[in-house]
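Just so you know, these numbers come straight off a predicted model, no measurement behind them. Order of appearance sets the numbers: ligands from 1, and atoms from 1 within every ligand.
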Amino acid sequence: MHDFLFKSGELHAEDVPVSRIVKRYGSPVYIYSHRTILRHFRAFSEAFDGYPHIICYAAKANSNSAILKILAEEGGGADVVSGGELFRAINAGIPANRIVYAGVGKTTEEIRYALKERILMFNVESEAELIEINRVAGIMKRNAPIALRVNPDIDPETHPYISTGLKRHKFGIPMEDALECYRIAKRMPHIEILGIHKHIGSQITKVSPFVDALKKLLSLVDNLRLNGMEIRYIDIGGGLGIPYNDEEPPQPKDLAKAVLPLLWGRDFTLIVEPGRSILGNAGILVTKVLYLKKGLGKDFVIVDAGMNDLIRPSLYGAFHRIVPVVKRKRKKIIADIVGPICESGDFLAKDREIERPFQGDLIAVMSAGAYGFSMASRYNSRPMVAEVIVRGKTFGIIRQRETYEDLIARERIPEDI
Ligand code: LLP
């Protein structure tokens, strides 16, 4: 569900015509709906209501400060994977004791920073990392709260690049080694065992992989108890899919219905780390048609947004719906919708049937709120685009469009070279 709908043939973000936003802030521009973000976040908190839980929003999906602040005000926590994300989360008002920190390559500085801020727990991805966290905590005369991220070897049946919970992946600690690793953790003087974590992949469109993975985790938790280790936080990661086209992924309440029966009667705090399912359909990327070009056997619609602004189609072959901002009932054509970047992989859609646009028309790339701006780059020296949020009839900028000066602001030309 989202709040980007046509009213009298014109695409609106909540109650604001998209073209009005472009008039004010230019193109390309990411536009988010406040109402959708809230509804999606609340769908999670309501689904898990009645069981102690924290919704730790996966900041990587979209880490704009204004968005993090909205979620902070709703009582959300954060799942972060870098010092930069931790900084953003804290800066936006997410309490440190609601922040979990995953990622296979935490540096010494990042570990120190997270310890200093007193985050809820590190989701530890290897024994070597555990050793480093213990060492840094020792120097700081602290205890580091940890969960081990275990790799349950469950196939989430999603795109290979966003599947993470199989044995061949770099993520987490193999199930077979987990008990031993917890034992090692228990012997470490500056480690406090708090929880267990798993995340098996993203854009998952059924609940069974979540259930299967959780069952594996719970049997490990029972085994840990027999070995004198009590787990208080059970973190089931993120990964719930969204409709990009005609998929019908489970809703947060379906996920809750599937996993909560396994948890009733057990004394945990549950952590869920949704990213895409909160932000994905809460954002669109609006771009302007620059040129139409007839190729050999196909048409190209050349727009002012490229793979540097939204890389998902190029990187994963991801499908994003594309709609005209103003419907004009023109004849349909089949075209590749491509950006200005000097790469053949620079496309937003391939062989797509769309209403024939004219030069200067605006088109919207739907479901671009998650892993859109957060994966954008300045490739081809293209300044990062603007981000705008809409709430009802009002809208405001949450990230200014960069300028050419911004592109070179941190560059230096050494005199002696
Ligand atoms: N927790 C952890 C530890 C994760 O690695 C991720 C995503 C999440 C939570 C949130 O997953 P979500 O609820 O958003 O599915 N760039 C890719 C997606 C990569 C996901 C990486 N990890 C894409 O555009 O599809």
Checklist entry - Between Phe4 and His2, how do the two ring planes meet: parallel, tilted or perpendicular, split at 30° and 60°? => result tilted
Item to check | Heteroatom proximity flag, Arg312 to ligand 1, N/O under 3.5 Å | outcome: yes
Checklist entry - Taking atom types as modelled, is there a side-chain donor on Ser45 or Glu74 under 3.5 Å from an acceptor on the other? => result no
Checklist outcome for this item: For Glu273, the ligand 1 atoms with a heavy-atom partner under 4.0 Å come out as 1 (N), 2 (C), 3 (C), 8 (C), 9 (C), 10 (C), 13 (O)
Item to check | Between Asn143 and Glu192: side-chain donor-acceptor atoms closer than 3.5 Å | outcome: no
Checklist entry - Taking the non-hydrogen atoms of Pro274, is any one of them nearer than 4.0 angstrom to ligand 1? => result yes
Checklist outcome for this item: ligand 1 atoms nearer than 4.0 angstrom to some heavy atom of Ala58 are 8 (C), 9 (C), 10 (C)
Item to check | Distance-only N or O hit between ligand 1 and Tyr371, under 3.5 Å | outcome: yes
Checklist entry - At a non-hydrogen distance cut-off of under 4.0 Å, which region of His199 contacts ligand 1 (side chain, backbone, both, or neither)? => result side chain
Next on the checklist: Using a 4.0 Å cut-off to any heavy atom of Asp79, which atoms of ligand 1 qualify?
Outcome noted: 1 (N), 2 (C), 9 (C)
Checklist entry - Given the rule in the salt bridge (charged side-chain N to carboxylate O under 4.0 Å, His left out) test, do Asp309 and Arg382 qualify, once you have shown the distances and angles that lead to the verdict? => result CA-CA 9 Å; Asp309 304 307; Arg382 290 164 50 80; 2.8 Å; yes
Next on the checklist: When you compare the side chains of Asp235 and Asn123, does any donor N or O come within less than 3.5 Å of an acceptor on the partner?
Outcome noted: yes
Checklist entry - Which part of Ser202 is near ligand 1, with near meaning a heavy atom under 4.0 Å away: side chain, backbone, both or neither? => result both
Checklist entry - Are Tyr316 and Gln203 close enough that a side-chain donor and a side-chain acceptor fall under 3.5 Å? => result no
Checklist outcome for this item: For Gly275, the atoms of ligand 1 under 4.0 Å from one of its heavy atoms are 12 (P), 13 (O), 14 (O)
Next on the checklist: If the cut-off is 4.0 Å to any non-hydrogen atom of Gly239, which atoms of ligand 1 fall inside it?
Outcome noted: 11 (O), 12 (P), 13 (O), 15 (O)
Checklist entry - Do Arg39 and Asp3 pass the salt bridge (charged side-chain N to carboxylate O under 4.0 Å, His left out) test, and can you show the C-alpha distance, the side-chain angles, and the key distance before you say yes or no? => result CA-CA 10 Å; Arg39 189 175 53 244; Asp3 292 275; 3.1 Å; yes
Next on the checklist: Testing the 3.5 Å rule here: is there a donor-acceptor pair between the side chains of Asn308 and Ser377?
Outcome noted: no
Checklist entry - Under 4.0 Å from any heavy atom of Arg276, which atoms of ligand 1 are there? => result 12 (P), 13 (O), 14 (O), 18 (C), 23 (C), 25 (O)
Checklist entry - Would Ser277 count as a contact of ligand 1 if the rule is a heavy atom under 4.0 Å away? => result no
